Amino acid sequence: ARATGSRYAPAYAEMDAVESKFAALASSTKHTTRALVHAALARRPCTRYVAPWRFWGVIALFRIVPTRILDAIARAAFGLTPRKLDAVTR
């Protein structure tokens, strides 16, 4: 259980909202199942599998964009900003 008085409560709430958005965009398990079956049965399985294919764009973005920028985006997306973290303690 998450403490509502915690300084991380706003971050937890933001994370729950982001998780709900991701769940709405999630694809079915058929893509993952197809990749797993291929990996198990292929004579020469691939090193990496991305399922579904639309996530290749995200992976390419991770290779292009500097880590510090991706970290800043993640902090903002999950509500881990100093202003939001300090909101509970004030």
Side-chain angles (χ1 to χ4, degrees):
R2 297 178 180 159
T4 55
S6 166
R7 85 178 279 216
Y8 296 104
Y12 287 139
E14 189 74 23
M15 186 173 59
D16 288 340
V18 170
E19 185 178 11
S20 296
K21 290 177 187 175
F22 275 115
L25 295 173
S27 57
S28 70
T29 57
K30 72 178 182 178
H31 301 288
T32 306
T33 303
R34 187 180 315 132
L36 286 170
V37 169
H38 183 271
L41 301 178
R43 184 171 181 200
R44 292 178 164 222
C46 296
T47 305
R48 291 175 188 85
Y49 290 87
V50 178
W53 283 97
R54 68 177 181 227
F55 292 128
W56 273 112
V58 175
I59 291 171
L61 184 70
F62 286 144
R63 294 180 143 221
I64 295 168
V65 177
T67 303
R68 69 179 187 279
I69 294 174
L70 291 172
D71 288 346
I73 293 169
R75 281 192 304 271
F78 290 106
L80 296 173
T81 61
R83 184 173 44 173
K84 286 187 177 182
L85 292 174
D86 287 338
V88 174
T89 58
R90 291 180 186 204

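Sequence positions, counted from 1, serve as the residue numbers for this chain. Note that the structure is predicted; figures quoted are calculated from it, not measured.
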Exercise for the section: Indicate if F62 and I69 have the same hydrophobic cluster label, given that clusters are the connected sets of ILVMFWY residues with side-chain heavy-atom separations under 4.5 angstrom. Expected result: yes
Problem - Single-linkage hydrophobic cluster L61~I73, side-chain heavy atoms < 4.5 angstrom - result: yes
Problem - Gap between atom CD1 of I59 and atom CD1 of I64 - 0.5 Å precision - result: 12.0 Å
Handout entry: Pairwise distance OH(Y49) to OG1(T32) - rounded to 0.5 angstrom
Key = 13.0 Å
Practice task
Taking the side chain as every heavy atom from C-beta outward, state whether D16 and E19 have any pair of such atoms under 4.5 Å apart.
Solution key: yes
Practice task
Scan L70, V65, D71 and name whichever one has a side-chain contact (heavy atoms from CB on, under 4.5 Å) with T67.
Solution key: D71
Practice task
Looking only at non-hydrogen atoms, find the nearest pair between A39 and P45 and report the distance.
Solution key: O-CB, 3.6 Å
